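Keep in mind that this is a model prediction, so the values were computed, not measured.
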Amino acid sequence: MDVPIIELAARVKEIKASPTLAVDAKAKALKAEGADVLNFSVGEPDFDTPPHVCEAGKAAIDEGFTRYTPVPGILPLREAVCHRLATDHGWSYQPDQIQVSCGGKHGLYNMAQALFGPGDEVLVPAPYWVSYPPIIQLAGATPVIVPLDEGSDFDLDPAVLQRYASPRTRGIILNSPSNPTGSVLSAGALEAVGKMALERGWVVVSDDIYDTIVYGDDQLPHILEVDPRLSEQTLILNGVSKSFAMTGWRIGYTAGPKHIIAAMNKIQSQSTSNPSSVAQRAALAALTGPQDFPRQMRDAFVPRLNFIMEALTAINGVSCVRPRGSFYVFPNLSAYFGRKTKDGRLIGDSVALADYLLEEALLATVPGAAFGADQFIRFSFATSMETLEEGMKRLADALAGLQ
């Protein structure tokens, strides 16, 4: 008897699995087979979660704090988020304006489901984080990709933004510092975004997940500081994943207008119910305890950033915008497109080049095509200096081996 093939929903056919997680999985599989893979693809700090945060999680288990919590998260954690936003930025939020979610990505998903639908367009500056377009598509809306120029350090050009906006535009997603480029949006660009958002009623989604990993002494411009009038149409998304090395704990949070957060809570109540109770207690310890860990981690990244920038720009034909935040570099390697491997395979794009680097040099990277910028390859420098030194040597040798 023929077994019927169950048809998948159309929405699933329109999206792809996360390419960054796919590369990471492939690299780990090769490593498990004994290959000496150097993994530059993973988007997480190479630090352990601070001991006091881990102890808070253990204490939650020992105390039996293992049951359901309120859908938007426990009140002390939401109050701690409000305190951090007030202390760090001077922004005033109440607990009913905060949703705690199962990671920052989950917060973005809840936001899109609550705000966007068929016929809506959402502006997404590119290079973008890989999950922005699929999350918008899963809501039935259309991501509109706004290209950023390497020559202007990936800043947002108001004239270009104007060309991509339309009467169907419902919002824009900002990510500063950026994944994958590490670039920061200028105050001038944010002023232009703010003006358009106010005039046209857009929602502004500000993904601030890397806001504690900023290099240099300049203050990071933010849309709400550039134009505070946007507070009633802006959503702030953040979490503890990057700032406290808690990627696996899966705790993110969103701050925004009360009615939008309430709508997001409806969606969360019918999907995950609530984030992990144990992880919430750990996140509470992170946000209310000593705040020196993010600075220590950032300071440790500085020599790594200096090294990888010097190594990359020493390679013939490679250019790279210096990151002002995050722990990624995004070099332009398109000078090597059109060349061939020793066995005659053509390197036609970033996907082919990333595959070649993994197979030839055992370097796991993420192709720029995953971020809407095919000329580039993303490297994470959240790894040891020893790994960086060996990795950059392998990269130079592999590129020199192309004919």
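The shortest side-chain heavy-atom distance between Gln137 and Pro143 falls under the 4.5 Å cut-off. Between Val366 and Ser350, the closest side-chain pair of non-hydrogen atoms is not below 4.5 Å. In this structure the side chain of Phe379 reaches within 4.5 angstrom of the side chain of Met392, judged on heavy atoms. Put simply, the side chain of Ile15 reaches to within 4.5 Å of the side chain of Leu138, judged on heavy atoms. Residues Ser326 and Asn179 fail the side-chain proximity criterion, which asks for heavy atoms closer than 4.5 Å. By the 4.5 Å heavy-atom criterion applied to side chains, Ile209 and Leu237 are not counted as neighbours. A 4.5 Å side-chain heavy-atom check between Tyr93 and Ile98 finds at least one atom pair inside the cut-off. Side-chain contact check for Thr234 versus Ile236: some heavy-atom pair is nearer than 4.5 Å.
Taking a 6.0 Å sphere around NZ of Lys342, one finds it holds 12 or fewer heavy atoms contributed by other residues, nucleotides or ligands. The environment of Asn316 atom CG is sparse: at most 12 non-hydrogen atoms of other residues, nucleotides or ligands sit within 6.0 angstrom. Taking a 6.0 Å sphere around CG of Asp292, one finds it holds more than 12 heavy atoms contributed by other residues, nucleotides or ligands. For Arg229, the CZ atom is loosely surrounded, since the number of other residues' heavy atoms within 6.0 Å does not exceed 12. Within a 6.0 Å radius of CG in Asp343, more than 12 heavy atoms belonging to other residues, nucleotides or ligands are found. When the shell of 6.0 Å around CD of Glu310 is examined, it contains 12 or fewer heavy atoms from other residues, nucleotides or ligands. Other residues, nucleotides and ligands contribute only 12 or fewer heavy atoms inside 6.0 Å of the CZ atom of Arg11.
Partners of Thr387 under the side chain to side chain donor-acceptor pair (under 3.5 Å) rule, at least two apart in sequence or in another chain, are Ser384.
A donor-acceptor distance shorter than 3.5 angstrom exists from the side chain of Gln291 to the backbone of Ala286, with no hydrogens or angles considered. Side-chain atoms of Arg378 come within 3.5 Å of backbone N or O of Ser41 as a donor-acceptor pair. Looking only at distances, a side-chain donor or acceptor of Ser380 sits under 3.5 Å from a matching main-chain atom of Val42. Counting only distance, with no hydrogens or angles, the side chain of Thr272 and the backbone of Pro275 share no donor-acceptor pair below 3.5 Å. Asp120 places a side-chain N or O within donor-acceptor distance of the main-chain N or O of Gly117, the cut-off being under 3.5 Å. Formation of a donor-acceptor pair under 3.5 Å by the Arg170 side chain with backbone atoms of Leu115 is found in this model. Proximity of a side-chain donor or acceptor of Arg84 to a complementary backbone N or O of Leu287 within less than 3.5 Å is detected. Checking side-chain atoms of Thr365 against main-chain N and O of Ala354 turns up no donor-acceptor pair under 3.5 Å. Under the 3.5 Å distance criterion, the side-chain polar atoms of Asp208 are left unmatched by any main-chain donor or acceptor of Asn238. Side-chain atoms of Thr181 do not come within 3.5 Å of backbone N or O of Ser178 as any donor-acceptor pair.
Each of Val144, Leu161, Val124 was scored for a side-chain contact (heavy atoms from CB on, under 4.5 Å) with Ile172, with one residue passing: Leu161. With Phe371 as the fixed residue, the ring pair (Phe, Tyr, Trp, His ring centres under 6.0 Å) test singles out one of Tyr128, Phe330, Tyr132: Phe330.
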Please test Glu150 against Val321 for side-chain contact (heavy atoms from CB on, under 4.5 Å), starting from the C-alpha separation and ending with a verdict. CA-CA 7 Å; Glu150 179 188 12; Val321 171; 3.7 Å; yes
Could you check Leu305 against Val329 for side-chain contact (heavy atoms from CB on, under 4.5 Å), going step by step and ending with a plain yes or no? CA-CA 8 Å; Leu305 168 59; Val329 287; 4.2 Å; yes
Quick one: do Leu174 and Leu190 satisfy side-chain contact (heavy atoms from CB on, under 4.5 Å)? Show the steps, please. CA-CA 9 Å; Leu174 306 176; Leu190 293 174; 3.8 Å; yes
Test side-chain contact (heavy atoms from CB on, under 4.5 Å) on Leu402 and Leu353 and set out the steps. CA-CA 10 Å; Leu402 292 171; Leu353 183 54; 4.2 Å; yes
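With respect to Glu360 and Arg345, no salt bridge is recorded, no charged nitrogen being found less than 4.0 Å from a carboxylate O. A salt bridge links Lys58 with Glu55: the distance from a Lys NZ or Arg NE/NH1/NH2 to an Asp or Glu carboxylate oxygen falls below 4.0 Å.
The OG atom of Ser176 sits 8.5 Å away from the CG atom of Asp155 when rounded to the nearest 0.5 Å. For the atom pair CD of Glu121 and CZ of Arg168, the computed distance is 4.5 Å after rounding to the nearest 0.5 Å. Between the CE atom in Met297 and the CZ atom in Phe301 there is a gap of 5.5 Å [rounded to 0.5 Å]. Put simply, CG on Asn265 and NZ on Lys258 are 11.5 Å apart, with the number rounded to the nearest 0.5 Å. In this structure, CE on Met264 lies 11.0 Å from CD on Gln113, to the nearest 0.5 angstrom. Going from atom OG of Ser101 over to atom CG of Leu108 covers 8.5 Å, rounded to the nearest 0.5 Å.
Counting only N and O atoms by type, the side chains of Asp153 and Ser183 include no donor and acceptor under 3.5 Å apart. For the residue pair Thr69 and Gln280, a side-chain donor N or O sits within less than 3.5 Å of a side-chain acceptor on the partner. Tyr328 and Tyr210 share a donor-acceptor pair across their side chains, judged by distance under 3.5 Å alone. Side chain to side chain, His222 and Asp211 fail the donor-acceptor criterion of an N or O pair below 3.5 Å.
Closest of all the heavy-atom pairs between Tyr356 and Gly401 is OH-C, 4.1 Å. Looking at every heavy atom in both residues, Pro257 comes nearest to Ser231 through CG-O, 4.0 Å. Nearest heavy atom pair, residue Pro331 against residue Val318, reads CB-CG1, 3.9 Å. Heavy-atom minimum distance, His52 versus Ala285: NE2-O, 3.6 Å. Contact detail for Phe337 and Gln375: the closest heavy-atom pair is CE1-CA, 4.0 Å. Between Pro127 and Leu148, the shortest heavy-atom distance links the atoms CD-CB, 4.3 Å.
For the side chain to side chain donor-acceptor pair (under 3.5 Å) condition, the pairs that include at least one residue of residues 394-403, sequence neighbours left out, are Asp36-Arg394, Glu390-Arg394, Lys393-Asp397.
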